[in-house]
Every structure is written in C-alpha cells, then in structure tokens.
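Okay, structure first, notes after.
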Amino acid sequence: RQLTSRCSQGSGVANPPAAMTEPDFLTRVEEQKQSFKRAKEIATTEDEEEQDSSDGWTLTVNLDLGNRSLQTDAAIIVVITMVAIVTRFYSIRYPASVCWDETHFGKFANHYLKNTFYFDVHPPLAKMLIALAGYLTNYRGDFEFKEPGQPYGLTPYLGMRYLSALLGSLLVPMAYLTARCACSNRSAAMMAAMLTLCETSLLTASRFILLDPILLFFIQGAVMALFWFRSQRDRAFSAPWWLSLTLAGCMLGCAFSSKWVGLFIILQLGCYTIHDLWELWGDTKLSVVTFAKHFAARAVCLIGLPVGLYVLFFYIHFRVCYKTGPGDAFMSSAFQATLVGSELHNTTAPIHLGYGSVVTIKHAQYAGALLHSHPHLFPAEFGQQQQVTGYLHKDDNNRWVIKAAHLLSNDHDNYDYYNGTQLVRSGDRVRLEHVLTRRNLHSHPVVAALNKQHYQVTAYGSNGIGDINDEFTIVKEGGQDGDFLSPVTDKFRLVHGRPGLDRLCALNSDGRNLPEWGFQQVEITCNPQLSAPSTLWNVEYHSNPRLQANLTTLPTASFWQALVEVHVAMSMVNNGLKPKEGEVTSQPWEWPLTYRGQRFTRWGDLDLRVYLLGNAVIYWGALGCVAVLLLLSLAIATVNKRHLTLPACLASKTVAAALPACGWLLAAYAWHYLPFFLMGRVLYFHHYLPAIMILCIFSGILLDTLASIAQDALPGWGGLKQAILGLCITYIGWSFVEFSCTSYGMQRPLKEMEYLMWLPSWELAY
C-alpha cells in the first residue's frame with residue numbers, strides 16, 4: 001500500500017501529452033522509472049524496520065507467554081503428581097500378607113538377592129528392579145513367598161511395594177504430558193490425567209509387588225516420547241528431536257525387557273515411523289542424503305538402542321544369577337556347567353558311561369525335559385502301565401540305571417554282569433531301570449496318548465525284570481559302533497526294536513504337555529522317524545562308584561548360546577501355560593466391559609479383600625468414546641468425499657489437532673488389545689491394563705474435543721464447554737470414590753457388598 005501511494009504521488013501522468021515529442025516522452029518515462037525505483041527502496045527499508053520492530057515485540061511477548069505456559073503446566077504436574085502419590089501410597093502396607101502374584105515375583109527377587117539361577121517366562125528387567133527396591137530397603141531375600149495369604153510379619157516388604165506405587169503414580173503426570181504433546185490442549189491433558197488417576201484397575205495394580213506397574217510405566221513413557229517426537233517433526237535434528245527419539249528407544253527397550261507384551265508398543269512406534277518416513281519420502285524438497293539421515297537416526301534409536309538394552313539386561317541377569325538354583329533343569333547341560341554349585345560345574349565323575357551307572361537323561365534340544373517316571377499310571381484307555389514323562393525340574397524320579405540288555409535269569413537283574421568296569425559303547429543294546437520304582441523303560445505298538453503317529457512309552461516290569469520290549473539300542477550321534485559315550489557332550493538316540501525283526505522307533509520328546517492325569521508334564525513317545533531332531537538325548541548327571549572318577553571341566557555355553565537357549569525355553573513354556581486348578585481366568589471380550597474382576601486376596605468376611613476391577617464408568621465411557629470417534633471420522637470422510645463444506649464447529653483447529661492424535665492412540669489401543677484374541681495361552685484380566693491406560697488418554701482428548709465442538713456449535717451458550725467437562729470430572733470423581741474400596745480393601749461382610757455389584761458376574765458379595 002505504501003509503494004502504491006508513493007508511486008501515485010511521484011508520477012503525474014501515465015501517458016504522454018499529445019503535443020509531447022518522442023524524445024521528451026522517453027525522458028519522462030526514464031524519470032518515472034527512477035522515481036518508482038526510489039519509492040520501492042524507501043518502502044522496503046521502512047517495511048524492514050517495521051518488521052524488525054514487530055518481530056522483536058512478538059518474540060518478547062511469545063517468550064513471556066511461553067514462560068507463563070510452562071509455569072502453569074509445571075504447577076498442574078506438581079499438583080496431579082502429589083494427588084496420584086497420595087492415592088497410590090495410601091494404606092499401602094495392607095493387606096500385610098502375600099497377595100496374588102506377589103508369591104511369584106517376590107520369589108524371583110529372592111533369587112537375585114541370593115544370586116541363584118531361576119527360570120521365568122518374562123524377561124528380567126522388572127524383576128531386577130523389584131529386587132533392587134527390596135535391597136535398598138533392607139530386604140535380603142529371606143522370606144519364602146510360599147503362597148497367597150501368607151503373613152509378612154516383620155519382613156521389610158514395603159520397599160518393593162513402594163516401587164510399584166511410585167511408578168504407578170507417575171502414570172498420571174505422564175498421561176498429562178502425553179496429551180499435551182499430542183494436541184497442545186491443556187484441558188484435554190487434564191482430562192486424560194483425571195481418567196488415569198481415577199481408573200481403579202490401574203490403582204490396584206500399582207499397590208502390589210507385580211510386574212504390571214513397571215511395564216505400564218515404560219509403555220506410557222514410550223507413548224509420551226512418541227507424541228513428543230511427533231510434535232518436533234518440524235524441528236528435525238534439533239536437541240529436543242534427538243532427546244525425544246532417544247527416550248522413545250529407551251522406553252521401548254525397557255518395556256520389552258520387562259514383559260514380552262512390550263512388543264505391542266514397539267509395533268505401534270514401528271507403524272508411526274513407517275508412516276513418518278513415507279511422508280518424508282514424498283517431500284520433494286528433501287534431499288536423498290537428508291532422508292538417509294532421518295532413516296539412520298530412527299534405525300539407531302528405535303531398533304539398535306532397544307535391542308542393545310534388551311541384551312544388556314539379560315547379560316546382567318546371567319551375571320547376577322551365577323549360582324545353581326531351581327531353574328537349572330530348563331537349561332541345557334552346557335549352561336548348567338556354568339552355574340556355581342551345579343552338579344555339572346567342575347564335577348568329579350567318570351568320563352565315560354558304564355553299566356551300572358546312575359544317570360539322568362536330558363532331551364538335547366533347547367528347553368529339553370529330563371526323562372522322568374513316577375508311580376502314577378496311564379488311564380485305562382491307554383493301558384494303565386506306569387507313566388514315563390518329561391519333567392522340567394530336578395527330581396529323584398529322573399534317575400535311571402543303565403543295564404545290559406540280556407537277562408542272566410528270570411529273577412536276577414544284570415548290571416553286575418560286567419563287574420562294574422564294562423563301558424557302554426554306541427551300538428550296545430541296553431535296558432534303563434527307573435531307580436525309585438525299579439521298572440524298566442518300555443515301548444510297545446500302542447498309539448501314544450497325544451501324538452497319534454508315535455508309539456507309547458511306559459515303565460514296565462517289577463524289580464528290574466521285564467520283557468524284550470524293554471530293550472533299546474544306544475546310537476551315538478555323529479559316531480560309529482564301538483565308540484564310548486561321555487556325559488553332557490555326547491548326543492545319542494535310544495532306538496527301540498531289533499533291525500529286521502521289529503518295527504523300529506526312537507525315544508522322542510516334541511514338547512507336548514499331557515492333560516491333568518499326566519500332571520501337564522511333557523509327553524514321551526517312540527518316533528518311527530529315527531533321524532528326527534526330537535529323538536536326540538544326552539546324559540546329564542552321571543554316577544558310578546565302580547568307575548574311576550576324575551575332575552572334569554565340561555564344555556560350557558557362551559553368553560550368546562545361553563541367550564538363545566533361554567528364549568526358546570521362555571517361548572515354549574509361555575505358549576504352554578495352562579490355568580491352575582480352580583483358578584479364575586478370563587477372555588479378551590470380557591475386558592473392555594469389565595465383565596469380571598480378579599481376586600487378589602483371601603475371600604472371607606473377616607479378610608481384607610482386594611479385587612482387581614476396572615472403574616465401570618471409565619471403562620464403559622471409553623468404549624463410547626471409541627464409537628463416537630469412529631462415527632465422527634466416518635461423517636467427516638463422507639463430507640469430504642462428497643465435496644461438501646464442513647460445519648465450522650468441525651473445521652476448527654482444535655478438531656484438526658485432536659483427531660489425528662486420537663487416531664494414533666486408538667491404533668495403540670488396538671495393538672495392545674486385539675492380539676490377545678489370537679493367543680492360545682491362559683489369559684487374565686490384568687493383560688488389559690496397558691490398553692485401558694492408553695484408552696484413558698484417548699478418552700480425555702476426545703471428551704475435551706467433543707466439548708469444544710459443542711461450544712462452537714452453540715456459541716450463544718457461554719461456558720458450555722466448561723460445564724460439560726465439569727460434569728464429566730464430577731461423575732468420574734464420584735465413581736472413583738465408589739469403586740476405590742476394591743483397591744484399598746473391602747472389610748464389610750460379603751452380603752453388604754451387593755450394592756456395588758453393577759454386574760452379577762462381579763464376585764464381590766459371595
């Protein structure tokens with residue numbers, strides 16, 4: 001405008017007068033050009049000065065407003081954190097007895113404090129943190145954690161509960177920060193924090209010695225880092241950009257190192273990263289070199305860093321648990337040779353197997369079971385002979401005596417035949433007598449209980465006397481007839497039957513678990529496929545007083561071999577988990593409805609009863625929010641598809657910022673919920689906790705967005721948004737007061753709890 005004004009003032013005419021000659025006209029045009037140039041320079045200089053002044057003012061105001069905003073956020077975070085700490089730590093010493101899975105995770109803490117090796121289906125980080133919390137609060141691993149309901153007495157157990165309560169408290173401010181980064185809306189962040197604070201299943205899980213609050217903390221941290229990184233997408237390679245990306249990688253590694261369900265948040269961040277890189281690839285202004293830097297940064301921080309942390313925690317686990325313990329039998333003989341105090345660590349034993357040797361025989365594959373028998377019989381439909389199974393624990397019922405195949409008489413066993421000095425060779429026909437029951441390992445042409453392609457294996461006979469079906473040929477893997485066999489290092493097959501006369505099969509274990517009548521131990525069969533990998537075995541324990549014993553240093557497993565081995569075992573055992581007798585389990589469809597809870601304590605009128613139950617108002621309201629978002633997204637998509645104009649209330653910046661954030665949160669919820677429908681293992685209500693935690697943030701943002709839409713749609717109704725949010729907060733607060741007794745403990749008689757049974761499936765009054 002200034003340039004136009006100056007040009008109009010500096011030029012009197014636009015066309016030459018009729019009497020003006022051509023030279024005069026050209027001179028006048030040149031003057032006008034010079035005038036125009038001077039006017040442009042003046043206008044540019046004044047505009048720059050004005051802009052500099054404006055920018056300085058704007059910068060000053062923005063810094064001032066930013067400081068005020070940070071101070072407000074800091075004050076809110078302090079307040080909600082203090083409230084969360086009060087709710088999580090209130091009366092935390094009660095019940096003063098072992099509650100639910102404290103019996104497991106307390107024992108695992110004991111193993112770290114005593115340096116003994118144990119086996120569990122979960123990675124070690126969360127359990128190491130529990131042990132550290134106990135150590136720092138003067139607990140030294142001397143309490144048994146025998147069973148739920150066992151009184152703690154004078155045991156300093158509170159430190160381990162404090163860890164859970166502290167991390168559970170931090171979920172609330174982290175929910176606030178996540179929502180703040182996701183949509184830059186303070187009221188939405190406060191709603192998300194309020195929902196997380198008042199959700200009673202999160203409260204209950206945060207008050208006991210469990211893995212869940214630790215896992216939830218790392219998952220929440222990963223979600224928060226994701227949205228922080230997303231908010232920095234226009235500031236690539238800045239310090240906050242790197243910090244948020246690194247934090248995301250650390251939280252991913254820690255979540256997966258606490259429980260394998262941490263994989264779901266890894267998949268969520270993986271999906272976002274792929275989407276993010278795809279958007280960058282479509283930016284034609286971005287050079288290939290810069291894109292490569294983006295890709296490398298994400299690969300290092302979101303893949304390399306989590307993997308490195310995961311391996312590091314297992315390394316620490318193996319270094320701390322270096323003594324023999326109850327988990328030895330889950331691992332290979334080579335790994336057991338690394339454990340101080342193990343019967344295989346610097347052992348004194350004969351270097352070769354001999355007749356009369358007492359041995360334990362272990363399946364040679366990872367997580368292989370020990371050959372086992374006990375006095376219990378197969379059911380009548382399977383012949384009622386003595387059971388032979390695979391067992392994953394050290395036990396005297398795992399011991400067998402090696403005998404020569406042929407009998408000297410019908411009433412005399414025969415392992416004294418060689419005066420105890422004859423060594424076993426590959427190709428020998430042997431019998432294996434169970435030490436405690438004195439029945440022989442036996443097979444016959446009867447179909448196995450589970451694997452119908454294999455033959456049954458039993459224990460048969462009396463006092464070591466059986467029949468021809470007790471004979472097995474021992475065949476050394478990679479050897480030849482006549483080779484001696486050594487414990488641990490040599491693998492072999494036990495082949496049943498005589499070549500050319502009988503059907504041949506080899507002793508086999510494929511990891512299938514027997515039903516209750518078999519105590520869910522591993523099925524042992526005879527496999528007609530003689531060369532199958534599942535037919536390889538090795539001797540683990542070896543004792544023979546008739547042979548010379550030498551100090552033997554057995555080959556040991558490296559760290560990487562142990563890492564692979566323990567993961568195979570974890571996977572096999574995790575997939576085979578079955579509910580205990582009388583144990584209440586649940587199905588995934590029940591969880592969003594909070595259809596049934598989970599008892600944490602003993603359940604009598606005089607007991608302080610804790611019940612893991614979701615806040616029904618929040619659970620059901622969150623489901624409603626999911627439905628509303630889907631309908632709202634469908635409506636907006638329909639309007640855009642038909643090239644219609646969105647109503648002003650749906651075209652606001654608030655909606656534009658909130659809906660994509662809600663979409664990513666809904667995707668995270670789906671990752672943490674839907675995969676459970678595909679799992680075959682036993683499931684419990686607490687598996688839903690990460691999903692409902694994410695859904696609380698989602699619901700907080702969406703509720704605030706819906707209130708903003710209502711306010712914009714009805715501008716004449718001043719304060720409508722505040723009224724809606726106030727009503728929601730009041731209802732949520734009331735529901736917390738109503739249901740919090742399930743977390744802190746119910747002391748009323750059972751019949752008096754009927755008022756709280758909104759659903760008849762809630763086990764509160766019986």
Contacts of Y744 that satisfy ring-ring contact (aromatic ring centres under 6.0 Å, His included) - sequence neighbours left out: Y90

Residues forming a ring-ring contact (aromatic ring centres under 6.0 Å, His included) with F218, sequence neighbours excluded: none

Enumerate the residue pairs fulfilling salt bridge (Lys or Arg N to Asp or Glu O under 4.0 Å) with a member in residues 153-175, sequence neighbours excluded, ordered by first and then second residue. E102-R161

Check step by step if side-chain contact (heavy atoms from CB on, under 4.5 Å) holds for Q220 and I697. CA-CA 10 Å; Q220 186 85 298; I697 303 173; 3.2 Å; yes

Those residues at least two apart in sequence (or on a different chain) that pass ring-ring contact (aromatic ring centres under 6.0 Å, His included) with F600 are W100, F208

For the ring pair F677 and Y673, is the centre-to-centre distance below 6.0 Å? yes

Should the ring pair W664 and Y272 be called parallel, tilted or perpendicular, given that the plane angle runs from 0 to 90° and is split at 30 and 60? perpendicular

Taking salt bridge (charged side-chain N to carboxylate O under 4.0 Å, His left out) as the test, write out the residues that go with E590, two or more places apart. R596

Do other residues, nucleotides or ligands put more than 12 heavy atoms under 6.0 Å from M128 CE? yes

Measure centre to centre between the rings of Y310 and H567, then say whether the value is under 6.0 Å. yes

Quick one: ring-ring contact (aromatic ring centres under 6.0 Å, His included) partners of Y162, sequence neighbours excluded? F89

May I ask you to check if K107 and F145 form a cation-pi contact, with NZ or CZ under 6.0 angstrom from the six-membered ring centre and within 45° of the axis? no

May I ask you to say whether R748 pairs ionically with D605, meaning some side-chain N is under 4.0 Å from a carboxylate O? no

Under 6.0 Å between ring centres: does that hold for Y611 and W762? no

Which value, rounded to the nearest 0.5 Å, describes the distance between T705 atom OG1 and L632 atom CG? 9.0 Å

Take atom CH2 in W717; do more than 12 heavy atoms of anything else shown fall under 6.0 Å from it? no

